[in-house]
Amino acid sequence: MLSSFSIQRLDCRFEEFTKHHWANAEAGALWEPRISKVCACIAELEWRSILEGVRACALRGVAPHELQALSDTLSSHDLMLAPLEEITRENGYASARRPARPGAPFSYWCAVGRASDVALLKSAHLRGDNREIGRLLGYPSCCRCFFDKVWVAEGFIDTTWPMAENTANKRLVTPTHIEIPQVSKCNILLRWVGPRIVFHLPCSFDCRPTVELADKFTQIARDARFHQEMDWLEEMLSWHVEWSALNGIAEIMTPVGTMWTVTDATSERYRVTYAGAESVKATGLNLDFSDNQRQPSLISRGVEEHPGEFIPLSDKSYRDQEWYYTDNGFSSRHDMHREHEPIVRLAVETLTQAAGNVLDLGCGNGALVQTICHFNQKLVPWGVDLASDSITHARLLMPQYGDNFVVSNIFDECVVWSDGRQFQLVILMPGRLTEVAAAQAEGLLKLIRKRAHHLLVYVYDGYRNQRASIQDMARKSGIVLSEDCSNRNVAMVSPAWLSSFGRF
């Protein structure tokens, strides 16, 4: 997708999500209640800033059970709350509102302000007049223009990179890495968990009108005796934060935890490093980015404490069942997620723009292929396994695709191969090819070469109590890997490379 900013975007988007994981238990115990209080302060600041004349209106989502109490509070200050539409209730920050779905939890998207101003906002909302809406919400004119250009005209869903590139006082580390060296009240990199001092998307990290607006909001909050909350917020805005994005997923690392959310899809990794104040670390903690933290993760590193938190299941209660991981040969969820992570990462990177079928040969209960397909809603999961109980569980996890999971030997031409069905990706542990006669192995590889665009091969660290590399295992199986294959456990193979069967 074309852009006036130096970022090459792909024409695809993942379903909205926001997830967060604390760096450790101490960080969560200390900062979760603080962030909760800061967010409550910000919610009150939205309407107090109207009372103080800083802006005319505010927009916010309100759950149905909160509507009357908030309306009563506002009316006591001669303000009104006017629902504009029903929207899908999100568990965290969302980059865009989605219309409410029948029978699903929803919130009211509401205008807040004095009656005459709310009438103007409702009219602008009906017209889709973003400039007028921004004016009534008190957003700086430069930021309203930035929003029209970046969000409306160019279709960004995350303004972090354009905001960084638009910053005068920045350092271009590489063409895909920008450093923001100064602490700024324009910092909205923590918005995915709530804390921010302004309510709009600033045009840069050094936007002077935004800083002036932030100063006014700060004073209003302190006048309302939110001194502690503002101290915490100002400290958080001084933390070192790193935003990185690849294949439509953004990872935001802070001293106290990591967030993952949807962003604009790119085939290259883009990074924005907010240096913060070197002397400032999270109060009560001595945390910095470890080497492990610097490795972007598709799957939460906290699966022991928050099992399955990052990967949504059709019914999350199944993640607590022992069979969820034992079906797949693991002794714990933690072990399963650790082994699956490099497979998921490579599959997601390869299939960013793809649509079609994904087949896991020896799928267990399908948890792996389900995770891969979660990141691209255009993909359809399929699986084959000899264990009937595992296939039964796969149908529980993915009832809408129940017929796609078959009890069969992976070397049989079963129903998944019928009707000339094609696959974007086939997943195979190549050691299975060494467990059967050469003719059976060759037959399967020929099917894959004919029907699949990609073959992903992998080996688990504990396979047969050996630490065989994927290169060794592929060589024994008659699969030729590319020369640039560097990962010990997983590799992507073009079916054309299957033309030479070294074993046969």
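When a residue number appears, it is its place in the shown sequence, counting from 1. Predicted model only: the values in this text are computed from it and were never measured. Values reported hereafter were calculated over all heavy atoms of this structure, with side chains retained and with hydrogens, waters and symmetry mates removed.
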Quick one: are F156 and I7 in side-chain contact, heavy atoms under 4.5 Å? yes
Calculate, to the nearest 0.5 Å, the distance between atoms CG and CG belonging to N247 and L351 respectively. 10.0 Å
Between L121 and L59, is there a side-chain heavy-atom distance shorter than 4.5 Å? yes
All heavy atoms of H240 vs all of Y274, minimum pair found to be ND1-O, 3.2 Å
Look at the side chain of D117 and the backbone N and O of L136, then say whether any donor-acceptor pair between them is shorter than 3.5 Å. no
Checking the side chain of R171 only, and the main-chain atoms of V173 only, is there a donor and an acceptor separated by less than 3.5 Å? no
Indicate yes or no: at least one non-hydrogen side-chain atom of S184 is less than 4.5 angstrom from one of D206. no
Check: L67 main-chain N/O paired with S71 side-chain donor or acceptor under 3.5 Å: no
With side chains defined as the heavy atoms from C-beta onward, is the minimum distance between V272 and M163 less than 4.5 Å? no
Between D335 and F330, is there a donor-acceptor pair closer than 3.5 Å when you use the side chain of the first and the backbone of the second? no
Under-4.0 Å salt bridge between R34 and D231: no
Kindly indicate whether the side chain of E52, heavy atoms from C-beta on, has any atom under 4.5 Å from the side chain of D223. no
So, E165 side chain and S6 main chain: donor-acceptor pair closer than 3.5 Å or not? yes
So does E66 pair up with R89, basic N to acidic O under 4.0 Å? no
Main-chain N/O of A367 paired to N365 side chain as donor or acceptor, under 3.5 Å: yes
Quick one: do E132 and R127 make a salt bridge, cutoff under 4.0 Å? no
State, to 0.1 Å, how close P209 and P140 come at their nearest heavy-atom pair, and which atoms those are. CB-CB, 3.7 Å
If we ignore hydrogens and angles and just use 3.5 Å, is the side chain of T258 paired with the main-chain N or O of T254 as donor and acceptor? no
Check: E32 main-chain N/O paired with S36 side-chain donor or acceptor under 3.5 Å: no
For the aromatic rings, using the six-membered ring if either is Trp, is the centroid distance between Y139 and F147 under 6.0 Å? no
Could you tell me whether K378 and D11 have a side-chain N and a carboxylate O separated by less than 4.0 Å? no
Backbone N/O of F17 and side chain of T261: donor-acceptor pair under 3.5 Å: yes
Is any side-chain heavy atom of L379 closer than 4.5 Å to one of P381? no
With the side chain counted from C-beta on, respond yes when V380 and C373 share a heavy-atom pair under 4.5 Å apart, and no when they do not. no
Between E341 and R345 (salt bridge meaning N to carboxylate O under 4.0 Å), is one present in this structure? yes
With the side chain counted from C-beta on, respond yes when W47 and L81 share a heavy-atom pair under 4.5 Å apart, and no when they do not. no
Would you please classify the geometry between the W239 ring and the W31 ring as parallel, tilted or perpendicular, with 30° and 60° separating the classes? perpendicular
Measure the acute angle between the ring planes of H393 and W323, then classify it against the limits of 30° and 60° as parallel, tilted or perpendicular. parallel
